[in-house]
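These notes concern the structure reproduced below.
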Amino acid sequence: MSFESSLLENLNPQQCEAVKHHGTPLLIVAGAGSGKTRVITHRIAWLHTVIGIPVWQILAVTFTNKAAREMRQRVAALLGVPDDPSLAISTFHSRCAAILRREAAEAGLESNYAILDDRDQRTAISRAMEDAGVSDKVVKPGQAQSFINLAKMKMLTPQDCEEEFAGDDLPYLPIYKAYEEILRKNNSLDFEDLIFRTVRLFQEKPAVKEKWNRKFRYLLVDEFQDTNLSQFELVKLLAGEDGNVCVVGDEDQSIYSWRGADVKNLLQFKEAFPDAVLIRLEQNYRSVGNVLKAADSVISRNTMRIGKTLWTEREEGHPIRALAGYDDVEEADQVAASIAGLIGSDGIPPTEIAIFYRTHALARVLEDGLRKYRIPYRIVGGTRFYDRAEIKDILCFLRLAITPTNDLAFERVVNVPTRGIGKKTLGDIIECAGRERLSAFEASQKMLAAGDVKGKAKKGLEEFIAMVREWHDAAGTIGVNELLKRVLADTKYKTEGLGDTSSLDGRSRLENIEEFEEAVVAFEQSQADHGVSAFLEVLALDANREEQEGRPTVSLMTVHNAKGLEFDYVFVVGLDHGVFPNSRTFDNPDQYEEERRLFYVALTRAREQLTLSRAMRRRFQGFYDSTTPSQFLTEVDPEVFEPGARRTLGLEGRDAASSRYSDRSRSPQGQPYTTRKFGSTYRGGTPPRSVAPRSGRGSYEIGDMVEHTVLGRGTITQKGGRPGGERVYVEFEDGREQEFVLKFAPLKKITR
């Protein structure tokens, strides 16, 4: 067999066409599990061995060093050569860093410029805020960092931002200017500068651009749906006039808009390259038929897509399973019990089982459930719940309330949140404690009495000692929940200890603290002893049962971390409205479609069997709220479920075709109607509490008719919420359905 034939062996017709295409730009829309990496690597080998292009004239770029390394190794194996550095396969950023070092003089840089990592950049921004006279009480450094990075992704200089935001009183602009001056003085670039400065170099110096066009005659871009504006501009510039560019992507797996990715780059590729050829890779080699049918029935509702239909030669496989707990604890128990059955009865290796959730905060009850069944697990892309920094901080505060002489806890949190106690002061305390054979807490008191601590450190240490004393005095008389409230209030941990809570990481840390609060409430409801000592003892005993080193583990992760992975058995949990899809996306059609893409990614990770799970109610800020099924569940083809699954999930009577979230239920302006996060439908048993109308006359009940000042008449179909935040769900006569918080809603109860 010739080498040419061997390259095409075992490729399907569409893959062969993509590998062999030559002469015009190429857009490969590659569905999940369709073998896109195989196509890219074989295409590079084909260009070299059949078309005769030297390997150093072929540039392939992707998004992670791991992906680039694996791609380079696979190409080297196809060519029968060692992993050769001359194979130009790298990330966008590393390639641009190399270009800027070669062209430093043309780019106005010194060739030995430094690249700031995320932490260094945050430090530089904090200094820029001081130089610009902007207090961190007005803007957090993390917020300024996000603004600057996004501006650079959009190729906006500080001067461009002044024009873009003319008339707006934004404190970010002086920070951006001061930050750029710091970079200039220190001969440094940040991560986004690497691409931004390369784009500007090519735009301003055509001769330099043409030089690199000659060097890299053929360009391949993987995961093109994840590119941002500056990366797309770089692709267009590197492609040059010849347009020998091939991009591979899947609009249905574009899930990173929060870090600048723009799915429109893929959708509008043919506008930038009008003679581009489109090839769809639709044969899936990963999943059984029922999984693909489920995924396709959901994603087909998105409007921002080129369109494709995945298919497989594999069998239909297991129908989609369903689990539904009375609450989130029972949901976790059912998931853990199902996994225990797979491992114990069916002999499935734990490594072939994964649990996906929308946010890390959902992991806590799942971890508790897995520990109950002695199932070893690992958190992928994250940390076990009780090992997360913010949770360990709170636990140390609670341990000090019980035992102020706990030196490990003292050293961890004496300056958390920052209260002016630096490393030198802490070192002096530890030295004094060792010399005098005291605890750090006792040594601190002795040093304060002797006047050995001065300035801000003295004030901060005095405040900390006073707080710990008060907690210690109270710990024996109040429950752990009340003590936790005092700790969070006294330390201001939520507002001052979590960094920028408007950032993705900050919101995640805040959600983890709130989940910890829910765990404390659940502990008090299930235990006779509500004290903090009993709570910490339960956690310690659970931790001691987790000796799992070297054992195969079940994987837990967010769906974002699941992209690119695959497992035989997948559990997607938390499929309640307001959880998945996330409530923050309800008012933005583009973000709502991205949530649907995220669900699609979750489904298409499963090879053999898929289980979808939800809870009938979830705890929120100490109260249980009834939930409704995720809209995405109603969009799954009913035929792929196992018998009774839709009833289990509470989907009977819920038709996606008539839902307010479907494309056929948009407002005249094309926007989805406001959605509810919580609500309940009375299905017998103990009726929900009555909800008082705004006017105070009587109470609202399911079935009551109401009139809205703008939307007209409707009928209450659901109700729920906590005291002071009661909600009702109204179906109006024109078919609209909408949720209202009663104390703000312009509703009037009417008599039939």
Side-chain angles (χ1 to χ4, degrees), residues 10-19 26-40 42 222-226 247-256 263 266-267 269 277-321 354 356 559-560 562-572 575 593-612 632-642 656 662-663:
N10 298 323
L11 297 181
N12 65 41
Q14 291 73 33
Q15 290 174 330
C16 285
E17 183 183 0
V19 167
L26 176 62
L27 169 60
I28 303 174
V29 176
S34 62
K36 70 177 180 62
T37 304
R38 182 180 178 87
V39 168
I40 294 172
H42 280 65
D222 190 18
E223 303 286 7
F224 192 70
Q225 76 279 351
D226 294 335
V247 302
V248 185
D250 181 4
E251 77 277 21
D252 295 334
Q253 296 188 72
S254 179
I255 57 174
Y256 297 117
V263 67
L266 182 69
L267 300 176
F269 180 80
V277 170
L278 168 64
I279 297 176
R280 292 178 173 86
L281 303 183
E282 297 175 301
Q283 183 174 358
N284 178 282
Y285 295 92
R286 175 187 301 154
S287 305
V288 295
N290 279 326
V291 169
L292 297 184
K293 286 180 183 178
D296 186 66
S297 60
V298 173
I299 200 62
S300 62
R301 294 177 176 275
N302 268 9
T303 59
M304 298 175 63
R305 61 195 305 255
I306 295 171
K308 62 187 171 302
T309 302
L310 294 182
W311 62 277
T312 181
E313 292 181 344
R314 296 191 62 192
E315 68 281 358
E316 292 297 290
H318 300 287
I320 308 301
R321 296 184 64 236
F356 301 154
V559 185
H560 281 104
K563 187 170 182 291
L565 303 178
E566 55 187 69
F567 300 87
D568 282 348
Y569 294 83
V570 166
F571 293 75
V572 186
L575 289 170
E593 288 210 355
E594 181 158 325
E595 285 289 297
R596 188 180 278 114
R597 293 196 290 268
L598 196 60
F599 184 56
Y600 171 83
V601 167
L603 301 186
T604 54
R605 301 309 94 192
R607 288 190 290 247
E608 301 294 338
Q609 188 175 73
L610 178 65
T611 301
L612 306 180
F632 300 151
L633 287 174
T634 71
E635 296 172 355
V636 175
D637 184 347
E639 294 184 1
V640 303
F641 282 108
E642 66 181 5
S662 71
D663 296 330

Margin query: salt bridge (Lys or Arg N to Asp or Glu O under 4.0 Å) for R280 and E17? Distances and angles first, verdict last.
Written below: CA-CA 10 Å; R280 292 178 173 86; E17 183 183 0; over 6 Å; no

Margin query: Using a 3.5 Å distance criterion without hydrogens, assess whether the side chain of S300 forms a donor-acceptor pair with backbone atoms of S297.
Written below: yes

Note to self: Is there a side-chain contact between N10 and R38 in this structure, where contact means two heavy atoms from C-beta onward sitting under 4.5 Å apart?
What the structure shows: yes

Notebook entry, point to check: Once you round to the nearest 0.5 Å, how far does CG of D222 lie from CD1 of I40?
Noted result: 3.5 Å

Notebook entry, point to check: Got a sec: does the CD of E316 have more than 12 other heavy atoms crowding it under 6.0 Å?
Noted result: yes

Notebook entry, point to check: Quick one: are L310 and D296 in side-chain contact, heavy atoms under 4.5 Å?
Noted result: no

Next item on the list: Report yes if some heavy atom in the side chain of E635 is under 4.5 Å from a heavy atom in the side chain of R596; otherwise report no.
Entry: yes

Next item on the list: Nearest 0.5 Å please: distance from the CD atom of E608 over to the CD atom of E315.
Entry: 6.5 Å

Checklist line | Approximate separation, where rounding is to 0.5 Å, of D637 CG and I320 CD1 | finding: 10.0 Å

Next item on the list: Find out whether Q225 and Y256 are in side-chain contact, i.e. whether some heavy atom of one side chain is under 4.5 Å from a heavy atom of the other.
Entry: no

Margin query: Do Y600 and D250 have side chains that approach each other closer than 4.5 Å (heavy atoms only, starting at C-beta)?
Written below: yes

Next item on the list: Locate the shortest heavy-atom distance separating G249 from L266; write the atom from each residue and the value.
Entry: C-CD2, 4.1 Å

Next item on the list: Taking all heavy atoms of V29 and all of E251, pick out the closest pair and write down the distance.
Entry: CG1-OE1, 3.6 Å

Margin query: Any heavy-atom pair between the side chains of V39 and I28 that's under 4.5 Å?
Written below: yes

Next item on the list: I would like to know whether K308 and E282 meet salt bridge (Lys or Arg N to Asp or Glu O under 4.0 Å); could you show each step before the answer?
Entry: CA-CA 7 Å; K308 62 187 171 302; E282 297 175 301; over 6 Å; no

Note to self: If you apply the rule side chain to side chain contact (heavy atoms under 4.5 Å, CB included), what do you find for Y285 with N12, and how did you get there?
What the structure shows: CA-CA 11 Å; Y285 295 92; N12 65 41; 2.8 Å; yes

Checklist line | Of V570, N290, V288, the residue whose pairing with L610 passes side-chain contact (heavy atoms from CB on, under 4.5 Å) | finding: V570

Next item on the list: Of all the heavy-atom pairs spanning V291 and A606, show the shortest one and how long it is.
Entry: CG1-O, 3.8 Å

Notebook entry, point to check: Do E639 and K293 have side chains that get closer than 4.5 Å, going by heavy atoms?
Noted result: no

Check: Counting N and O atoms only, with roles assigned by atom type, does the side chain of R605 sit under 3.5 Å from a partner on the main chain of V559, one being a donor and the other an acceptor?
Finding: no

Next item on the list: Show your working on side chain to side chain contact (heavy atoms under 4.5 Å, CB included) between L27 and I306 and close with a plain yes or no.
Entry: CA-CA 11 Å; L27 169 60; I306 295 171; 4.0 Å; yes

Next item on the list: Find the distance between CD (E593) and CZ (R305) and round it off to the nearest 0.5 Å.
Entry: 9.5 Å

Margin query: Nearest 0.5 Å, please: how far is NE2 in H560 from CG in L598?
Written below: 4.5 Å

Notebook entry, point to check: Relative to each other, are the rings of F224 and F269 parallel, tilted or perpendicular (30° and 60° limits)?
Noted result: perpendicular

Margin query: I'd like to check F356 versus L565 (side-chain heavy atoms, cut-off strictly below 4.5 Å). Are they in contact?
Written below: no

Check: Measuring from F571:CZ to Q609:CD, what's the distance to the nearest 0.5 Å?
Finding: 7.0 Å

Note to self: Quick check: closest heavy atoms across S254 and V263, and the distance to 0.1 Å?
What the structure shows: OG-CB, 3.5 Å

Next item on the list: Could you walk me through whether R597 and D252 pass salt bridge (Lys or Arg N to Asp or Glu O under 4.0 Å), step by step?
Entry: CA-CA 5 Å; R597 293 196 290 268; D252 295 334; over 6 Å; no

Notebook entry, point to check: Would you say N302's side chain and M304's backbone share a donor-acceptor pair under 3.5 angstrom?
Noted result: no

Margin query: Using 30° and 60° as the class boundaries, would you call the ring planes of Y569 and H318 parallel, tilted or perpendicular?
Written below: tilted

Item checked: Minimum-distance pair of heavy atoms, taken over all atoms of I255 and D226 -> N-OD1, 4.5 Å

Checklist line | Nearest heavy-atom neighbours spanning R286 and A32 | finding: NH1-CB, 4.1 Å

Note to self: Between K36 and E223, does the salt bridge (Lys or Arg N to Asp or Glu O under 4.0 Å) criterion hold? Intermediate values first, please.
What the structure shows: CA-CA 9 Å; K36 70 177 180 62; E223 303 286 7; 3.3 Å; yes

